Amino acid sequence: MAPTPNSTPPARRPDRFDREGHDQLIDVRDLQAALPGIHRLRAWAHEALAVRAGESAVDIGSGTGSEVMALAEAVGPEGLAVGVEPDPGLLTAAQRRATEAGSTAKFAPGDAYGLPFGAESFDAALCERVFQHLTAPARATAEIARVLRPGGRVVVMDSDWGTAIVHPGNRQVVQAVIDTLTTNTTNPFSGRRLPGLLRQAGLVIDEVGSHALVQDSSIGAGALVARVSAMAVARGAITEEQREKLLADLEAGAESGDIHLSVTMFAVLAHKPQ
């Protein structure tokens, strides 16, 4: 039976994931140089979920819909693939892309705290880079467990900004910048917390993996480090002179090939007991 929306819509319609935790510090544009790593994790996620023809699947925080369309292809015309997205602009873009591609992917407004579907609606669920934006991640894992059918499986992927590496640069300055990054991210250590959250929701962990998303060395400091280091100056963690020296060190490192900027993303496969 295909899942149907609840008669009562979710009470919250946040602009993006969570009004209280609404932060624009980290988004996909900051990770453009690391997209090959994200693509590899996505490929692993689809392989791990092993969605079959006729099944139902949901992508929570579906963005512009690329993964929903991949799920739609896997479930075929007899199945259902739906993306849930709170951002109206992204939702419209996803629907347009799916229509233009001739995809059977469906999309619904909603957020991780209130998925607009009944209990035990889906065979598979995917959730990528949503938890870092959530102030109450346990509510989200409870929702995932609620909408999964017995035996249903889920892959949750998220960055852990406490694993960020910035090289070269003065260690104290680099640490102050990383501390500023984690302080200004809603749920900065989300990656390492995923297995525990899923277990607390009653799900069984099947596999935990990770992948370092490494920025292309040719980009130098990049937009994220430049922005966060400016925030570190504003909060008094470093001086403007220290910031300028850090950015200069990173640019010199990019020219010489001695540079490394990365963050680790964790991926967890779990299932709901029968």
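Just so it is clear, the model here is predicted, and its values are computed rather than measured. Throughout, residue positions are numbered sequentially from 1 according to the sequence presented.
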Query raised in the report: How would you list, by chain and number, every residue that makes a salt bridge (Lys or Arg N to Asp or Glu O under 4.0 Å) with E67, sequence neighbours excluded?
Result: R42
Query raised in the report: Would you say H46 and L71 make side-chain contact, with heavy atoms under 4.5 Å?
Result: yes
Query raised in the report: Got a sec, which residues hit salt bridge (Lys or Arg N to Asp or Glu O under 4.0 Å) with E207, two or more places apart in sequence or on another chain?
Result: none
Requested in this report: Give a yes or no answer on whether the side chain of D258 reaches the backbone of G253 with a donor-acceptor pair at less than 3.5 Å.
Outcome: no
Query - Side-chain cluster (under 4.5 Å, hydrophobic types only) that F107 belongs to, other residues - result: V68, L91
Query raised in the report: Quick one: are V156 and V154 in side-chain contact, heavy atoms under 4.5 Å?
Result: yes
Query - Donor-acceptor contact present, side-chain R153 to main-chain A48, <3.5 Å - result: no
Query - Value rounded to 0.5 Å, distance of NE2 in H211 from CE in M265 - result: 9.5 Å
Query raised in the report: Can you tell if the side chain of L80 reaches within under 4.5 Å of the side chain of V75, non-hydrogen atoms only?
Result: no
**Report entry** Test item: K272 side-chain N/O and G152 main-chain N/O as donor-acceptor pair under 3.5 Å
**Finding:** no
Query raised in the report: More than 12 foreign heavy atoms under 6.0 Å from CD of E120: is that the case here?
Result: yes
Requested in this report: Keeping the roles fixed (side chain from R129, backbone from D158), state whether a donor-acceptor pair exists under 3.5 Å.
Outcome: no
Query - Any side-chain heavy-atom pair of C127 and V155 under 4.5 Å - result: no
Report summary line: Taken in chain and number order and not counting sequence neighbours, the residues that satisfy side chain to side chain contact (heavy atoms under 4.5 Å, CB included) with R193 are P137, N187, L197
Query raised in the report: Rounded to the nearest 0.5 Å, what separation is found between the OG1 atom of T183 and the CG atom of D179?
Result: 6.0 Å
Requested in this report: Take atom CD of E47 as the centre, draw a 6.0 Å sphere, and report whether it contains more than 12 heavy atoms from other residues, nucleotides or ligands.
Outcome: no
Query raised in the report: Is Q172 close to Q175 at the side-chain level, that is, under 4.5 Å between some pair of heavy atoms?
Result: no
Query raised in the report: With R52, which residues qualify under salt bridge (Lys or Arg N to Asp or Glu O under 4.0 Å), at least two apart?
Result: E55
Requested in this report: State the CD1-CD1 distance between I144 and I60, to the nearest 0.5 angstrom.
Outcome: 4.0 Å
Query - From OG (S103) to CD (Q95), nearest 0.5 Å - result: 12.0 Å
**Report entry** Sidechain-backbone polar pair: Y113 side chain, L134 backbone, donor-acceptor under 3.5 Å
**Finding:** no
Query raised in the report: Under a 4.0 Å N-O cut-off, is there an ion pair linking R97 with E100?
Result: no
Requested in this report: Could you tell me the separation between the OG atom of S256 and the CD atom of E251, rounded to the nearest 0.5 Å?
Outcome: 11.0 Å
**Report entry** Contacts of R192 that satisfy salt bridge (Lys or Arg N to Asp or Glu O under 4.0 Å) - sequence neighbours left out
**Finding:** D160
Query raised in the report: Are R146 and L115 close enough that some pair of their side-chain heavy atoms sits under 4.5 Å apart?
Result: yes
**Report entry** Side-chain donor/acceptor of S210 to backbone N/O of T264, under 3.5 Å
**Finding:** no
Requested in this report: Answer yes or no: is there a side-chain heavy-atom contact under 4.5 Å between Q215 and L224?
Outcome: no
Query raised in the report: Between atom CG of L269 and atom CG of L194, what is the distance when rounded to the nearest 0.5 Å?
Result: 12.5 Å
Requested in this report: Compare all side-chain heavy atoms of I38 with those of L213 and state whether any distance is below 4.5 angstrom.
Outcome: yes
Report task. Using atom types as modelled and distance alone, determine if a side-chain donor or acceptor of S190 lies under 3.5 Å from a backbone N or O of S159. Result -> yes
